[in-house]
Each structure stands twice: as structure tokens, then as C-alpha cells.
**Student:** 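The structure follows.
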Protein chains: 2
Amino acid sequence: MTAAVKCPPRPRERIIDAARDLFRKHGIKGIGVDAIAEAADSNKMTLYRHFGSKDDLVFVCLQEAAAEAEAFWNDIKKTNPDDPKAQLNDWVRRAGDFITMEHCNCELLDAAAQLVESDHPARRFVEDLRALYMKRLVELCREAGVGDAELLVDALSLLVEGARCNWRSAGQKGAATRFVPIAQMVVADFMQHTA
Amino acid sequence: MTAAVKCPPRPRERIIDAARDLFRKHGIKGIGVDAIAEAADSNKMTLYRHFGSKDDLVFVCLQEAAAEAEAFWNDIKKTNPDDPKAQLNDWVRRAGDFITMEHCNCELLDAAAQLVESDHPARRFVEDLRALYMKRLVELCREAGVGDAELLVDALSLLVEGARCNWRSAGQKGAATRFVPIAQMVVADFMQHTA
DNA sequence: TGACAATGTTACCGATCTGTAACATCTACC
DNA sequence: GGTAGATGTTACAGATCGGTAACATTGTCA
């Protein structure tokens, strides 16, 4: 019910929003379609009329998250055009904001962890996206003059993924709230080691 | 069956080993007691005679993992006595080994993530352990002469947690394999900023 | 108002999962 | 060898979950 007041009036959108929220909180296997439908102020039958199966719903949720991530990236590139260093700093700051937001789009990473060791149809989708994001970030770091751009992106990946985990399990008292200064230090450290 | 050949002959120990292995691979909610008992070359009835419930089994597994983590820490302190810097470097190296091991004891972190938003009896146990480990590591960093020891421990926490996630979802091709050099760089960076 | 599409409601099926009961078998120890 | 305790086997109860069928209700537009 909480999701319904602020959400679009169409059941399809309400269901997607509720599903993304509950998947984040309880995991894909940890929440049932009945609870999702109820949280969307709808019902299981309507859910299944819009999405043929729970797997399909998961896939649609991930596609929505991917679209948001795409907008996130494009916005960074547009805000500071032709200034890779500013774009990289912007990326760190915005990534930190996303992590500590209630409604963050880190579910792609969550899904990657939960779909491993299973033959979920969305698994390859998530893996390809991760590779794309890392390739883009490597290029950005290289443009910003970082020597070992691959290693920096690996470091940022670990920090982001760790911060997302930590935020979910430790919340506001955890290390995730210090993601931005930590990542900024790491970036500065790599900048200093530029050839 | 695979677990049984190399495992202790007693059903109780075989079940614990199989449970820890399968909880890591599939998550606590992702595996059933029947599958655990079968993997331990035992049966569900014996499992329930030793552990009253699945939750109790989870708790015992976490206690075993905590005992191993305790041994891990004591070994580090013993290997390089009165040399905090060497102990810190040792911690980084061994943590990297653990992360990329098949049988690692990172299940405490996994459990923390999976038990959040649920009233599992082991939740507080895991949270208290995490606080203890971080407190110890902060003291070690301080002894090693690190200026902002809390922030370094936060950074290492994020890196470890991220590496564990990444290792499970991306495996040998992922960023987790570069955990040790990344963490070493971060530690060196914090060492340089010593007051 | 009438008609059609979308949505809600209820009930159910089959599979899976936790947990238990009853009984059979094995193993250690005297 | 015999007995007690630990273990294995089978069957089942109760709950949950994914998914479907049939029917009732609502909303929309002509």
C-alpha cells in the first residue's frame, strides 16, 4: 500500500515499482508474487496478465534499472562535456548518492549475485551490462589521465559493490556512508601515479 | 556425495560442512534441508535430530565460521608479534586468499546481507561479530601508525565485502582477483598520510 | 445506456519446503 | 551374542509459492 500512493496509477507500473523495491529488500527468492501484487495495491492475477511469470517480471525490473543506469551515465557525460576528470569525480559523487539512497538502482549487482549458479534468463543480460559499464569507466579513467585505468576501475567496482552490500546490512552506521571520501582518495592516488 | 569423501565420518560434522558449502553457493533461502542432508551423505531425519531446525543449523554454521575467523586473526597476531605493519600487510594478503578460495569463511558477510530485514535469531550474532572485527582492525591500523584508522578500516571493509560479492558473481575474470594489490595501494596511501 | 477491455476476487492445482512420526537397520560396547 | 543408542528409510502433515481457471466488478468510450 505504501508504494501505491506515490506510484503511477496503472497497475503495471505499480507492480514494477513494488517488485523492484521488494526484490532489493528481500532478494529475488525472498519475496513472493503475492506479496508484490499486494504491495502494488493489485493482485496476483493482474500481475500474471502483464508478466507471464516471475522470471519475466524480474527481467523487466532489470531492464528498467538498466535504463536508469543509462540515463545516469548520459547525464554525467553531458554535465561536464570534454572534462574527463570532472566526469570521473562526478561519477564518484553520484555513485555514492545512489548507494545511500533508499531507492537505488544497484539491483543489477544484487541480481548478478543472486542469479549466479542458476539458469535464470536474465543472467547474461546482467553480465553483459556489467561488462559494458566497466568498459565505459575504463575509457573515462584513461581519458582522465589515469595510468592503470583497469586497476582503478577494479578498485571502484569493489568499493561500489562493497558499499551496496554494507549499506543494506549495516545501514547508516556502516562504512558505506564513507564511500565518497574513500573513493575520492583512491582516485586521487591513481591520478598521482600517472605516467 | 562429494563432501562426504573428504569430510569427517560423523554425520553431524558432515552436515555442517555440506550446509556451509551449500549456503555459500545458493544462499540460506536458496537451499533446502533435504539437499543439505543428501550432500552430506545423510538424511533429513538425522539432520533434525542434531539440529532442531534449519535456523539452528544456520546458527551453528555461523559459529563455526566465527571460530575459524578467530583462528585466522590469532594466527596473524602470532606470526608477526610486535610488528603491526607486518600484521596489517599479512591481514590484507590472507584476506585476499580467503576471498578467492572456494571454501572461504566469508559466509558471515553473506549471512549479514541475507538476514537483514528478517528476524533470524543469528542476526545479532553476526552484527556483533562484525563490530568486533572492525574494532580489532582499527586498533591494529592505529598501532601501525595510520592516521585515520577508522576510514582505512571502512575502506578495507568495502573492498573485502565488494570482492566477496564480485568473486561469487564474476569469478576468476572479475575484479576480486585484484583485491590484494588494490588493498595494498590503499593501505600504503593511508600510511603516507600519517600525521 | 450499452459494450468491451482492464482489473479484482476466489478458489484451486502441483510442486517444494520445513518438520515429524513410525519403523527398520546398523554399530559400538559389555 | 545381545542390548542400547545412533542412524537410515519411508511416509506424511502443514505451510508456502508459482501459476491458472472461472467469474465478478470497474472504468472507458461510443
Side-chain angles (χ1 to χ4, degrees), chain A residues 1 3-5 7-62 111 114-115 117-123, chain B residues 1 3-5 7-62 111 114-115 117-123:
Chain A
M1 56 164 78
V5 260
C7 286
R10 308 285 295 180
R12 180 187 159 88
E13 278 67 34
R14 292 205 313 269
I15 290 170
I16 292 175
D17 286 352
R20 290 181 63 184
D21 184 47
L22 293 175
F23 284 153
R24 265 193 302 273
K25 284 182 182 167
H26 304 275
I28 293 177
K29 287 179 186 168
I31 197 72
V33 288
D34 253 325
I36 293 171
E38 190 183 1
D41 260 346
S42 184
N43 55 79
K44 193 164 59 170
M45 204 56 239
T46 299
L47 187 151
Y48 275 101
R49 274 191 280 249
H50 282 286
F51 315 95
S53 69
K54 185 182 181 182
D55 282 350
D56 289 354
L57 175 60
V58 169
F59 201 97
V60 171
C61 287
L62 293 178
Q114 292 173 35
L115 301 181
E117 298 273 346
S118 81
D119 292 340
H120 199 283
R123 188 182 161 187
Chain B
M1 57 163 79
V5 259
C7 287
R10 306 286 294 181
R12 181 187 160 88
E13 278 68 34
R14 293 203 313 267
I15 290 171
I16 293 175
D17 287 353
R20 291 180 62 183
D21 185 48
L22 293 174
F23 284 152
R24 266 192 302 272
K25 285 181 182 167
H26 304 275
I28 292 177
K29 288 179 184 168
I31 198 72
V33 288
D34 252 325
I36 293 171
E38 190 182 2
D41 260 345
S42 184
N43 55 80
K44 192 166 57 171
M45 204 55 239
T46 299
L47 187 151
Y48 274 100
R49 275 191 280 248
H50 282 286
F51 316 94
S53 69
K54 185 183 180 180
D55 282 350
D56 289 354
L57 175 59
V58 169
F59 200 96
V60 172
C61 287
L62 292 178
Q114 292 172 35
L115 301 183
E117 298 276 344
S118 81
D119 291 340
H120 198 285
R123 189 183 160 187

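Here is the naming used below: chain letters follow the sequence lines, and residue numbers restart at 1 for every chain. Because only heavy atoms are used, hydrogens play no part in the values below, and waters and symmetry mates are left out as well, while side chains stay in.
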**Student:** Quick one: B/D34 CG to C/dA15 C1', roughly how many Å, whole number?
**Tutor:** 13 Å
**Student:** Could you measure the distance from the CD1 atom of B/I16 to the CZ atom of B/F51? Nearest 0.5 Å is fine.
**Tutor:**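 The CZ atom of B/F51 is 4.0 Å from CD1 of B/I16, to the nearest 0.5 Å.
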**Student:** Over how many whole Å does the gap from B/H26 atom NE2 to C/dT16 atom P extend?
**Tutor:** 15 Å
**Student:** In whole angstroms, how far is the P atom of C/dC17 from the CG atom of B/L57?
**Tutor:**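 After rounding, the reported distance stands at 15 Å.
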**Student:** Which whole-number value in Å describes the distance from A/F51 CZ to D/dT20 C1'?
**Tutor:** 18 Å
**Student:** Quick one: is A/H50 getting a side-chain N or O under 4.0 Å of the C/dA6 phosphate, OP1 or OP2?
**Tutor:**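 Looking at the OP1 and OP2 atoms of C/dA6, neither is under 4.0 Å from any side-chain N or O of A/H50.
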**Student:** Give the rounded distance in Å between these two atoms: CD of A/E38 and P of D/dT16.
**Tutor:**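 Interatomic distance, CD of A/E38 to P of D/dT16: 13 Å.
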**Student:** Should A/V60 and A/R12 count as side-chain neighbours, where that means a heavy-atom distance under 4.5 Å?
**Tutor:** yes
**Student:** Mind checking A/I31 for me? I need base, sugar-phosphate or nothing, with any heavy atom below 4.0 Å counting as a touch.
**Tutor:**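 The answer is sugar-phosphate, as A/I31 gets under 4.0 Å only of primed atoms, P, OP1 or OP2.
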**Student:** Figure out the CG/C1' separation between A/L47 and C/dT7, and round it to whole Å.
**Tutor:** 13 Å
**Student:** Nearest 0.5 Å please: distance from the CD1 atom of B/I15 over to the CZ atom of B/R20.
**Tutor:**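 Reported to 0.5 Å precision, the distance equals 14.5 Å.
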**Student:** Measure from the side chain of B/K44, starting at C-beta and using heavy atoms only, and say which of C/dG19, D/dG8, C/dT9 lies closest.
**Tutor:** C/dG19
**Student:** Find the distance A/K29:NZ to C/dC17:C1' and express it as a whole number of Å.
**Tutor:** 13 Å
**Student:** Please report the interatomic distance NZ(B/K54) to NZ(B/K29), rounded to the nearest 0.5 Å.
**Tutor:** 9.5 Å
**Student:** With distance as the sole criterion, do the side chain of A/K54 and the base of D/dG19 form a donor-acceptor contact below 3.5 Å?
**Tutor:** no
**Student:** For B/M45 and C/dA22, what is the distance between atoms CE and C1' respectively, to the nearest whole Å?
**Tutor:**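 It is 10 Å, rounded to the nearest whole Å.
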**Student:** Can you tell which of D/dA21, C/dT7, C/dT18 lies closest to the side chain of A/R10?
**Tutor:**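 The listed nucleotide nearest to A/R10's side chain is C/dT7.
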**Student:** Out of D/dG19, C/dT7, D/dT7, which nucleotide sits closest to the side chain of B/T46?
**Tutor:** D/dT7
**Student:** Heavy atoms under 4.0 Å, any strand shown: does A/I15 hit a base, just sugar-phosphate, or nothing?
**Tutor:** nothing
**Student:** Quick check for you: among C/dT18, C/dG8, C/dA22, whose closest atom lies nearest to any side-chain atom of A/S42?
**Tutor:**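 For A/S42, the side-chain atoms sit closest to C/dG8.
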**Student:** Measure the spacing between CZ of A/R123 and CG of A/L62 and express it to the nearest 0.5 Å.
**Tutor:**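 A/R123 atom CZ to A/L62 atom CG measures 13.5 Å (nearest 0.5 Å).
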**Student:** Please pick, from C/dG8, C/dT18, D/dG18, the nucleotide with the shortest atom-to-atom distance to any side-chain atom of B/Y48.
**Tutor:** C/dT18
**Student:** Side chain of A/R49, base of D/dG19: donor and acceptor closer than 3.5 Å?
**Tutor:** no
